[in-house]
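Each chain gets a letter, A, B and so on, in the order its sequence line appears, and its residues count up from 1. Since the model is a prediction, treat every value here as computed from it, not as a measurement.
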Amino acid sequence: MSDTAPTYETGHHPDLPPPVTTVGLLGWLRANLFSSWLNGLMTIVGLLFVLWLIPPLIEWAIIKAHWAGDTREACTDRSGACWVFIKVWFRQLMYGRYPADQIWRIDTAYVIAVAAGALLFVPGFRKKHWVAVFLLVGFPIIAYFLFVGGAFGLPTVETPLWGGLFLTLVIGAVGIVASLPIGVVLALGRRSSMPVVKACCITFIEFWRGVPLITVLFMASVMFPLFLPEGMNFDKLIRALLGVMFFSSAYMAEVVRGGLQALPKGQYEAAQALGLNYWKMMALVILPQALKMVIPGIVNTFIGLFKDTTLVLIIGLFDFLGMIQLAGTNPDWLGFAVEGYVFAAFGFWVFCFSMSRYSQHLEKKLATGHKR
Amino acid sequence: MSDSLQEHDVRAPTAKMTVSDEVAIQMVSLHKWYGQFHVLKDINLTVNKGERIVICGPSGSGKSTLIRCINRLEEHQRGKIIVEGIELSGDLKHIEQIRREVGMVFQHFNLFPHLTVLENCTLAPIWVRRTPKAKAEASAMKYLERVKIPEQAAKFPGQLSGGQQQRVAIARSLCMNPKIMLFDEPTSALDPEMIAEVLDVMVNLAESGMTMICVTHEMGFARKVANRVIFMDGGEIIEQNEPEEFFHNPQSDRTKLFLSQILHH
């Protein structure tokens, strides 16, 4: 009891503001950064580390960097990054060796995809499942004709010319979109009570998980044609896509199986007791819950797959990273490898972080009702 | 304070409940094994339409396994089960037919947490009986009113209390208009104050003439509602009788032992 604190009548105590050091910025600092001696020390060490690392980085990447120019002469001062290198090569890094006058076809496809995807985010839009059907069925057909050509008056562009970020997105998108449904089917098959189905699924999963993706691509590219009859040629990109699809499906199958196992048996029993057959039970009761539960695992696999696409360099396809490496070994532009890899890292980070944020948004949106 | 098996105050049914002569379920020489373990031994049981059966017994006696055989959540290895004239075998079509006519209420409710209460109730009618959505929803609301929680229709199961969830589970089964209702220890997972509301719904259901088989420890319910109380132990039916006879004149020693353990005098 302090003599300086005023006393109030019982039942009439007013609402007082909290002490200054417990709220606002001071309060946050105290609670999160300096709550104990050890934490305070670690905060100071961390701050020093950031001060040591960040300013030189900003200086190199932004302040002293070279943005203007067309040749390497613009970048004689090497204390700053040479973004001219990226600028000059930008079209190839984005599209590979796709003919410059046909690039509008790729851009058109991007615009359609982004517009359709944006529709999925509009709250209250009723026909979202139609948009999803379009994205999964209609859009691939449109994209195929846009990219490959050969019809509707569009000149053909052979797949060896595809490259850069465009190729990474094609391989990543096909791998991601195919691996989830195939993975679900494999997971269900592995848990099946029918011995033949179960054995086939286990064999498939364990085989494709057991070999490195690099050997899969290598086999697909070099060994596979040896088994084909003379003259028959299978497009190299298609072979790579199949390899990536099967590889990723095997991983996805195990992620989904984790979700199926985690569901209480009572959910299966209640669905069966109501008279739902196997497929209705899976589609209406089990998979919605199981997939929701393993969203972190699924998106993790997607992100890993997206970055694994860089391995197609081994079979002579020049994806985003491949083009950057190609540009870096060009005789006119030797010595700018660092800028290339920093840009590659940045590019991949943008896509992977977006996927990660979307997954968090999805988890939040779908968490209705589970929270008590 | 008595032990876990209490006698809850169950109101006596008001309607006259008649039992028909038609057979709803027939079990003939039923045997079941879990691997080497002989869990059901030579079960012979006939249940008529409109009958209310209570099955009691110590844990591990096979009572839950028995009723789960009726809707093929468990398979039997020997003997016959005939439900509503259809024999239970490996034939999927028969199993699905039977499951449409037999509703089941579980100890742990097993509501679908990703769907609202209303969606839980309309799921099976829409997808199994192909009822149009509006009709299914109207019917679901009718049953939710009957179990006295129509105002919870838009909520998710996670937002309801245990007693409310179990009542939704009962309504969900009723929405399929089954001819037989199976109850597998429906009140065992509930707090004492919620048991009465669920038992009330079950009495109400009995009054409407539903064929019911309940595995339960609620002896008050058995006394007032059941036509027959069956005592199981070690996989066999030891004794079955009308409630009054069963509780006052148990024939077998094992029944006497069980009753002395559960009833407080």
Next on the checklist: Counting only heavy atoms not in B/Tyr34 (residues, nucleotides, ligands), do more than 12 fall under 6.0 Å from its OH?
Outcome noted: yes
Next on the checklist: Checking the side chain of A/Gln267 only, and the main-chain atoms of B/Leu111 only, is there a donor and an acceptor separated by less than 3.5 Å?
Outcome noted: yes
Checklist entry - What distance separates B/Arg100 CZ from A/Leu274 CG, expressed to the nearest 0.5 Å? => result 12.0 Å
Next on the checklist: Assess the residue pair A/Leu284 and B/Leu123 against the criterion (side chain to side chain contact (heavy atoms under 4.5 Å, CB included)); give the C-alpha distance rounded to whole Å, side-chain angles, the decisive distance to 0.1 Å, and a yes or no.
Outcome noted: CA-CA 8 Å; A/Leu284 297 168; B/Leu123 180 79; 3.9 Å; yes
Checklist entry - Heavy-atom distance under 4.5 Å to chain A: side chain of B/Val105, backbone, both or neither? => result neither
Next on the checklist: Could you check whether atom CH2 of A/Trp130 has more than 12 heavy atoms from other residues, nucleotides or ligands sitting under 6.0 Å from it?
Outcome noted: no
Checklist entry - Atom NZ in A/Lys265, atom CG in B/Asn110: separation rounded to 0.5 Å? => result 10.5 Å
Checklist entry - Does B/His108 reach the side chain of A/Pro264, with side-chain heavy atoms less than 4.5 Å apart? => result no
Next on the checklist: I want to check something: taking the side chain as every heavy atom from C-beta on, are B/Arg72 and A/Gln272 in contact at a cut-off of under 4.5 Å?
Outcome noted: no
Checklist entry - B/Arg129 versus chain A, heavy atoms under 4.5 Å apart: side chain, backbone, both or neither? => result neither
Checklist outcome for this item: In terms of heavy-atom pairs under 4.5 Å with chain A, the winner among B/Asn71, B/Thr116, B/Leu73, B/Leu115 is B/Leu73
Next on the checklist: So for B/Leu182, is it side chain, backbone, both, or neither that comes closer than 4.5 Å to the heavy atoms of chain A?
Outcome noted: neither
Would you be so kind as to tabulate the donor-acceptor pairs closer than 3.5 Å made by side chains of residues 245-260 of chain A, with sequence neighbours excluded?
from	atom 1	to	atom 2	distance (Å)
A/Ser249	OG	A/Met245	O	2.6
A/Glu254	OE1	A/Arg257	NH2	2.9
A/Glu254	OE2	A/Arg190	NH1	3.1
A/Glu254	OE2	A/Arg257	NE	3.2
A/Arg257	NH1	A/Gln261	OE1	2.8

Checklist entry - Around A/Arg30, counting heavy atoms of other residues, nucleotides and ligands shown, do more than 12 lie under 6.0 Å from its CZ? => result no
Checklist entry - Do other residues, nucleotides or ligands put more than 12 heavy atoms under 6.0 Å from the CZ atom of A/Arg357? => result no
Next on the checklist: I'd like to know if the side chain of A/Lys280 reaches the main chain of B/Trp127, judged simply by a donor and an acceptor atom lying under 3.5 Å from each other, with no hydrogens or angles considered.
Outcome noted: yes
Checklist entry - What part of B/Phe106 is in contact with chain A, defined as an atom under 4.5 angstrom from a non-hydrogen atom: side chain, backbone, both or neither? => result side chain
Please list every donor-acceptor pair under 3.5 Å in which a side-chain atom of residues 144-152 of chain B meets a protein atom from a residue at least two apart or in another chain.
from	atom 1	to	atom 2	distance (Å)
B/Arg146	NE	B/Asn204	OD1	3.3
B/Arg146	NH2	B/Ser208	OG	3.2
B/Gln152	OE1	B/Lys155	NZ	3.0

Item to check | Closest heavy-atom pair and its distance - A/Gly275, B/Arg99 | outcome: CA-CB, 3.9 Å
